[in-house]
2 protein chains.
Amino acid sequence: MGREGTHAAGRRGSRHEGAVPVQPMSDATKRLPGRVVTEATAAIAALVAEGTLKPGDRLLAQRLADRLGISRFPIGQAMRILAERGLLTADPGRGFSVATDGPCHAASFRAERGGGDLASAYFRIAEDRLSGALPEHISEQAMRDRYGLGRGQLAQLLNRMAGEGWAERRPGYGWRFSAVLTTPAALEQSYRLRLAIEPASLLEPGYRLDGNLLRQCREVELRMLDGEIETASADTLYERGVRFHEAIVGASGNPFFLDTLKRVNRIRRLLVYRSLADRSRYRQQAAEHLELLATLERGAQAEAAALLRAHLQGVMEKLSAVRPLLEAKSHPEG
Amino acid sequence: MGREGTHAAGRRGSRHEGAVPVQPMSDATKRLPGRVVTEATAAIAALVAEGTLKPGDRLLAQRLADRLGISRFPIGQAMRILAERGLLTADPGRGFSVATDGPCHAASFRAERGGGDLASAYFRIAEDRLSGALPEHISEQAMRDRYGLGRGQLAQLLNRMAGEGWAERRPGYGWRFSAVLTTPAALEQSYRLRLAIEPASLLEPGYRLDGNLLRQCREVELRMLDGEIETASADTLYERGVRFHEAIVGASGNPFFLDTLKRVNRIRRLLVYRSLADRSRYRQQAAEHLELLATLERGAQAEAAALLRAHLQGVMEKLSAVRPLLEAKSHPEG
DNA sequence: ACTTGCATTTCTTGCGGCGTAAATGCACAA
DNA sequence: TTGTGCATTTACGCCGCAAGAAATGCAAGT
C-alpha cells in the first residue's frame, strides 16, 4: 500500500495525518475527524461487519466507549459518520442502531488505517539509510528539513530507532546511524535470536494457546495455501508470518519473550525489505505452521518446540542461499 | 487551572542538571559547564589518572576531540577547568600539558556523573508505580504536576517507559501503566528469558571473548570476593552482575542477543529494587562467574553454556524462595 | 605546517501561547 | 432510572521565540 502518502505536504499537516480520505463529506460532518474518532469509526464498522452487532441492534455509547477505552464523545461522532454512510440509522433522541443493510456497507470500510504520516517517515528513513542515501552523521535539524517533520515527531522517531538499536545520539549534537542494519550478517543473527527464544517460549510453565486463537491461526494458514500466497502483497505475506509467530509465542504468557520477538521482528522487517519475496517458500512454511498448530493442540510442547526449531532453521538456511543477493552493498568493517 | 503551576522548583533547573557541584569556582570558569564539557573533563582526568597521559605530555585539542567524538570547543573548556584544578598547566599560546603533580589530583575526579534529574524522576515514577501509589491511568498533565517535569522531559521519560514495555499511550489522552511490573511472576519470567538467550549466545558461531576483557572481568570478580561484597552498595553489586553477564553475551558478536539482555536487565533493575539484597548469595555467584570465565578461556563453549544455564537456574531458585517477600502487594487480575 | 584562541555560526532545548481533539458534567427525554 | 445530546472543561500537539551550548571558520603565533 502506498505508505509514502503525504510527504510533500509535510510541515503544515497538523495532526490529522493522512487518514480518512473518505470523500468531500456532506455538511453535518464537515470537520475531518481526529485520530480517535477515526479509529472508533473503523472499530464499530468492524463490529457490524463481523456480525457482533446485527441489524436493528441499538448502540449504547457508554458501552462502546468502555470497550474501546475511550470516552463517549468520539463514539458519538463516529456513529454520526456511520449513519451518514448508511451503516447505522439515527433515531433522534434514542441514539443509533444498525441499519438493515448495514452489514453490506460495512465491508467497504476496510481499515483505511492512517497512522501513516509517522510510519511513512520511519520507512523512508530506514530505506534511505539502507540504500546509503542518508549520511552516517546528521543533525536533527537536517532530518527535520529532509523529511518535513515537526520537533515532536522527529524526536519520537529517533527514540524509536535508538531503541531498535540502529541510531544513537552523538555526544555533542546530532545522531549517528550504526552499521547494524547494513551488515549482511544481521538478518542471520536475528534468526539465531529467534531460534533461541521461540522454541523456549513453548516450554514456558503456563503455556496455553487459546482455542479461538488457534482456530484463527489455522484459518489464516489455510487461506494462504488456498491461493493468497500468490495474490497477496509481499508486505501482507510478511505480516502474516510475523503474526503467526507472535501469536504462538504470546501464548506463553511471558511478556518478555513476546516483547523480544516483536522487537526483533520490527527490525527484521527493515532487513528483509530488499529481499525479493520468494513466494515458493511460503507454501512449505504454511504447511509447517499447520503442523505446529496441530502439535500444540495435542499439548505436546516439547515436540512442538523441536518442530519450531527445525522450522526456523529451515528458513534460515533458505535465507543464506539468498544472501549473496543482499550483499550488494557489503561494508567490510573492522 | 492546573497548568500554570510551575509549582515546585523543578522547572528552572535548566539543563545543567545536578552535575559538577565542584565549588563556587573562581572567575575564569564562572559559567557552569554543559553536558559535553563535563564529560570531556572527566574523560581527560581519567586519561591522566590511568597513566595514558604522563606529566609533561602536551595535550592536542584536535586529537582529544577526535577520540571523544566531539569538537575542539568543549575540549578547550575542559582543559581550562582542569588547569584551574591543578591537573594541567597552561602554556599560554601553546595549549596545555599535564602537570607534574597531575596524577595525584586526578584521582579526586571520581565520576561525579550527573544526568541525575531525569534519572531520579524515572526511578521515582517506577517506585511509585511498584508501590501502587501511581494510578493505572494518568494524564501527562497530572504527571508533570506530580513530578515537576517540563513537557519535553516527561515525554522523554514516557517514551522510554513505553519502550521498556511498562507504559503505553491510551487511545485518547493519558497513559496506562501495564501490569508487567506489579505482577510477582515478572522477575521469574525475566529470568526465563535470560535462561533462553544467555547460554545460546555462548554457542554463536563467531564467539570470541577478548583476552583483555576476560582478565578485566576476572579481576572484578576477585575484588568482589575479596571483600567488596560486604562493602559495596546494593546498587553497585547489581551493576557488577549486569556488567558481567552483558560482557559475556556481548562477546558473541550478535547485537540482538546483547540488546535483548540489556533491555531485560533495565527492567529487572526495577523489579529487584525492593528485594533486599541478600549479600551471601553473591559469594557463590562470584565463584560461578569465575568458573565460567575459566571455561570460556579454554574455549569449551558447550560446557560454558551448560554452566551458565545452571548458574541462572540456581539464581532463579534462590529467588523463588524470597518470592513471598515480594508478594506484599499481589494484584490478582483476570 | 600545525595549533591555539577567539569570533561566528549552527544546533538544541525550555517555555508559553494557540488551536483543536477528547473527556466530562449536566439538563432533559424516554 | 438510564441514556442521549450539548456545553463546558481539560489535555495535548505544534509553533515561535530566546538562551545556551557546541561546532566551525579564521587569524595570529610558534
Side-chain angles (χ1 to χ4, degrees), chain A residues 11-17 31-40 58-63 65 69-80 90-96 137-145 149-156 169-175, chain B residues 1-4 6 10-16 31-40 58-63 65 69-80 90-96 137-145 149-156 158 169-175:
Chain A
R11 193 68 53 95
R12 65 162 260 316
S14 96
R15 119 211 275 188
H16 317 304
E17 304 174 357
R31 356 163 72 89
L32 28 160
R35 185 171 41 90
V36 177
V37 172
T38 310
E39 274 164 28
R58 194 171 157 211
L59 281 82
L60 300 188
Q62 189 61 59
R63 198 72 54 85
I70 59 180
S71 74
R72 284 163 21 219
F73 180 82
I75 297 287
Q77 303 274 88
M79 292 195 295
R80 202 161 315 176
D91 308 329
R94 222 170 327 122
F96 298 80
H137 299 292
I138 189 168
S139 74
E140 292 188 8
Q141 198 58 37
M143 289 283 283
R144 285 186 57 185
D145 292 348
L149 293 165
R151 264 197 296 191
Q153 302 186 307
L154 179 63
Q156 236 174 295
R169 292 199 95 79
R170 262 159 51 104
Y173 292 148
W175 291 73
Chain B
M1 319 306 174
R3 137 180 6 184
E4 77 284 22
T6 317
R11 192 71 52 98
R12 67 165 255 316
S14 98
R15 116 213 278 191
H16 316 304
R31 355 164 72 90
L32 26 160
R35 186 169 39 88
V36 177
V37 172
T38 310
E39 275 163 28
R58 194 171 158 212
L59 282 80
L60 300 188
Q62 190 61 59
R63 198 72 54 86
I70 58 181
S71 74
R72 283 164 23 219
F73 181 82
I75 296 287
Q77 304 273 89
M79 293 195 295
R80 201 159 318 173
D91 306 331
R94 222 171 326 124
F96 299 79
H137 298 293
I138 189 169
S139 74
E140 292 187 8
Q141 200 55 41
M143 289 283 283
R144 285 187 56 186
D145 291 349
L149 293 166
R151 269 199 281 200
Q153 302 187 306
L154 180 63
Q156 235 174 296
L158 287 173
R169 292 201 95 79
R170 264 159 51 100
Y173 290 148
W175 291 72

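Just so we're on the same page: letters track the sequence lines, and every chain starts at 1. Worth knowing before you read on, the calculation uses all heavy atoms, side chains too, and leaves out hydrogens, waters and symmetry mates.
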Quick check for you: among [options], whose closest atom lies nearest to any side-chain atom of [X]?
X	options	value
Tyr173(B)	dA21(D), dA11(D), dT3(C)	dA11(D)
Leu60(A)	dG3(D), dT13(C), dA22(C)	dG3(D)
Glu140(A)	dT24(C), dT4(D), dT13(C)	dT13(C)
Phe96(A)	dG5(D), dT24(C), dT4(C)	dG5(D)
Ala61(A)	dT4(D), dT3(C), dT12(C)	dT4(D)
Phe73(B)	dT3(C), dT12(C), dA22(D)	dA22(D)

Side chain of Arg151(B), base of dG16(C): donor and acceptor closer than 3.5 Å?
yes

Going by modelled atom types, is there a donor-acceptor pair between the base of dG5(C) and the side chain of Arg72(B) at under 3.5 Å?
yes

Ignoring hydrogens, what is the shortest heavy-atom contact between [X] and [Y]? Give both atom names and the distance.
X	Y	result
Pro171(A)	Val36(B)	O-CG2, 3.3 Å
Arg94(B)	Arg58(B)	O-NE, 3.0 Å
Val37(B)	Pro74(B)	CG2-CB, 3.7 Å
Met79(B)	Ala61(B)	CE-CB, 4.4 Å

Holding to side-chain contact (heavy atoms from CB on, under 4.5 Å), I want the full list of residues that pass it with Gln156(A), two or more places apart in sequence or in another chain.
Leu118(A), Asn159(B)

With a 4.0 Å cut-off on heavy atoms, is [X] in touch with a base, just the backbone sugar-phosphate, or nothing at all?
X	answer
Arg170(B)	nothing
Gly152(B)	nothing
Leu59(B)	sugar-phosphate
Ile75(A)	nothing
Gly174(B)	sugar-phosphate

For dC14(D) and Gln153(A) - does any side-chain N or O of the residue sit under 4.0 Å from the phosphate oxygens OP1/OP2?
yes

Please confirm whether the shortest side-chain N or O distance from Arg169(B) to OP1 or OP2 of dG13(D) is below 4.0 Å.
yes

When Ala142(A) and Pro92(B) are each assigned the nearest nucleotide of DNA chain C, the 5'-most assignment goes to Pro92(B)

Taking atom [atom2] of [N] as reference, at what distance in whole Å does atom [atom1] of [X] sit?
X	N	atom1	atom2	value
Leu149(A)	dC15(D)	CG	C1'	15 Å
Met79(B)	dT3(C)	CE	P	12 Å
Arg35(B)	dC11(C)	CZ	P	16 Å
Gln62(A)	dG25(C)	CD	P	11 Å
Trp175(A)	dT10(C)	CH2	P	23 Å
Ile138(A)	dA22(D)	CD1	P	21 Å
Arg58(A)	dG3(D)	CZ	C1'	7 Å
Met143(A)	dC11(C)	CE	P	14 Å

I want to confirm an ordering. Mapping Arg94(B) and Ile70(B) to their closest nucleotides on DNA chain D, which one lands closer to the 5' end?
Ile70(B)

Calculate, to the nearest 0.5 Å, the distance between atoms CG and CD1 belonging to Leu60(A) and Ile75(A) respectively.
11.0 Å

